[in-house]
Amino acid sequence: MSETNSEAASPETFGFQAEVRQLLHLMVHSLYSDREIFLRELISNASDAADRLRFEALAKPELVGDTELAIEVAIDRDAGTLTVSDNGVGMSREEIIEQLGMIAHSGTARYLENLTGDQQKDSQLIGQFGVGFYSAFIVADEVEVSSRRADLPTEEGVLWRSDGQGEYSLQGIEKADRGTTVRLRLKADASEFLEEARIRTLIRKYSDHISFPVRMSGGAAGDGAGDEDSSDSDSADEQTVNRAKALWTRPRTEVEDDEYVEFYRHIAHDFSDPLTWSHNRVEGKREYTSLLYIPSVAPFDLWNRESPKGVKLYVQRVFITDRATEFLPLYLRFVRGVVDCADLSLNVSREMIQQDPAVGAMKSALTKRVLDLLGRLSKEEDSEKYATFWEQFGTTLKEGLAEDASNRDRIAGLLRFNSTQSEGVAPDRSLADYLENAPDDQESIYYLLADSPLAARSSPHLEAFRERGIEVLLLSDRIDEWAMQFLDEYQGKSFRDVGRGELDLEESDAAKPVDPDEDKERKHLVKRIKRVLRERVDEVRVSTRLKESAACLVLNKHDLGFQMRELLKASGQEAPASLPNLEINPSHPLIGKLAGEADEDRFALLSTVILDQAMLAEGRQLDDPAAFVRRVNDLLLEADAS
Ligand code: ADP
Ligand code: MG
């Protein structure tokens, strides 16, 4: 691929963004042992560029003409350079400034958002993101990119050049061929990449799945070194090094795990390994192939509603879009992959995709596939993987309880919880585990909402359950209260929030009939407390929940809990006012003391402290914490004096 530098235009110098400089520095120092990956990144970009050109050519066929889209890798031993060229879409001057000088593109931006400033941690982090174009500087002391956008005239080529030290230069050039050529002047210690056999091996290792031919020019043809393991008919065309066949079009049985992993890295721009994947071809009325991956690390924009999501859509192998959102529901937005439809028109527009009933049918089939895949993952011997999935994407999956009523049961089966039966920090109890552990006649699945797993474990609400050995699920994700509203039952058992309503556990001590005198006393006490606290609580009652604690707060059945209040507050809405109920434990000495307190002021003081403590035990904020401290201090001093 030829180009001529125009003598007239002199280069202009630009500085990299500070963040880019930082990134370059880190990359060169931390990826030293993996430095061969630069080639994969450059070929991956070339392939993306060819895909994008083919897409633009759907509307403007003249852009491609009759040239074959291909990628070329060339070595010049004398000059010490390695070149990767493509005849893809190319870049305009503006695009090159934006894409290669700033951190505009997603991978780098995400990486930089997460830098900690700690060299060692940051070096590990780098492995989790697509490293991209800048990886060229791991092996090169100078990189030269010449490019011309396919829809621009030959004189609007542009030459970008940098030593990766902080600046780059730009110059207008005449470039006869469209597309991009990246030339690396290899560092002295990177001369291994001037060996043709080595490069061929690397292309096969990392870029076999690229759908375009990757060719090697130069002395390649007669050499044949490293060609012996070429499995298909490539030998007919000795120039083409890779298989040049879209990976998803190959039969599942013929694709190695390594190849799936490399392909994932290419499409997801993610350096880490996926947890698992599912590759399927559907034939018959609708023909399509899907290859869907579950990543092992959540992208940092998972919660950003505006950020792009979706799968890569191809129609008859022609790339259409990177982010087709119509094929999976929002709660599965972490899934990465490819869908290749045989039946869609090549000129599909967004509207057409949205309205096509075939797409709706594919969406529900793909959704089931992903849920099945997760189901299988959850049953694997190696429970680490599912634990990782749950940690990264569990909260996202829970959204499905609201979003996808038709798959609610499947989703429920995939949920994992902390519980009074589990000890670790990581949620590992499933609803199936819960039911297996519960006596057959237990009607409900009990759960508790709290701010954190720790707060949940020490909640007074659990006392009656602990005593009876009834398992309680402990929920502390910020969306749990909201999500649980959508879960009415699982396998015929209903869900009960233990922090709400009256508790009707069998054989509870407090519910046993008490003698009439005692009953009268309790009623009197309840009334007295209510009088003092009427502004702050709805009802005061004798608890059937408590064993060790003096008091606790209980919500009415349909009141909003604290999580929902927080969610509303965060979205700028006013939560409807409602007061909790205070339940007291008459067998607690403090309540006994309260009952015997004749002095009304001291009675009020004690009652208030008991309510404040119940609030604190729930992890709530007190309206006036300083007043609480004063009251407790008064009580402490009194205790001292007596
Ligand atoms: P990513 O591929 O994850 O977007 P890269 O650092 O690899 O990140 O590339 C940055 C951007 O530079 C790409 O998104 C693309 O817009 C542009 N680019 C890189 N190489 C090429 C190329 N060969 N042809 C056209 N554009 C390219
Ligand atoms: Mg890239």
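Heavy-atom basis, side chains included; hydrogens, waters and symmetry copies ignored. Counting starts at 1 for both ligands and their atoms, in listed order.
For Lys312 and Asp322, the salt-bridge test passes: some basic side-chain N is under 4.0 Å from an acidic carboxylate O. In this structure, Asp141 pairs ionically with Arg185, as a charged nitrogen and a carboxylate oxygen lie closer than 4.0 Å. A salt bridge between Arg52 and Glu56 is absent, with no side-chain N of the basic residue lying under 4.0 Å from a carboxylate O of the acidic one. Salt bridge Asp177/Arg148: absent, no basic N to carboxylate O contact under 4.0 Å.
Below 4.0 Å from some heavy atom of Phe133 lie the following atoms of ligand 1, by number and element: 5 (P), 6 (O), 7 (O). The distance from ligand 1 to the heavy atoms of Ala49 drops below 4.0 Å at these ligand atoms: 24 (N), 25 (C). Close approach of ligand 1 to His269 is summarised as follows: ligand atoms under 4.0 Å from at least one heavy atom of the residue are 1 (P), 2 (O), 3 (O). Set against the non-hydrogen atoms of Leu100, the atoms of ligand 1 under 4.0 Å away are 12 (O). When each atom of ligand 1 is checked for a heavy atom of Gly132 under 4.0 Å away, the hits are 5 (P), 6 (O), 7 (O). Heavy-atom proximity to Thr180, at under 4.0 Å, picks out these atoms of ligand 1: 22 (C), 23 (N), 24 (N), 25 (C).
Distances from the Mg ion (ligand 2) show that Asn45 has an N/O/S atom below 2.8 Å.
For Asn87 (side chain) and Arg178 (main-chain N/O), no donor-acceptor pair under 3.5 Å exists by modelled atom type. The backbone N or O of Arg200 lies less than 3.5 Å from no partner atom in the side chain of Lys205, so there is not a single donor-acceptor pair. No donor-acceptor distance shorter than 3.5 angstrom exists from the side chain of Thr240 to the backbone of Asn242, with no hydrogens or angles considered.
At least one N/O-N/O distance between Asp86 and ligand 1 falls below 3.5 Å.
Residue-ligand proximity: Glu41 is placed with every non-hydrogen atom at 4.0 Å or more from ligand 1.
Across Arg149, Gln99, Arg52, heavy-atom proximity to atom 11 (C) of ligand 1 is greatest for Gln99.
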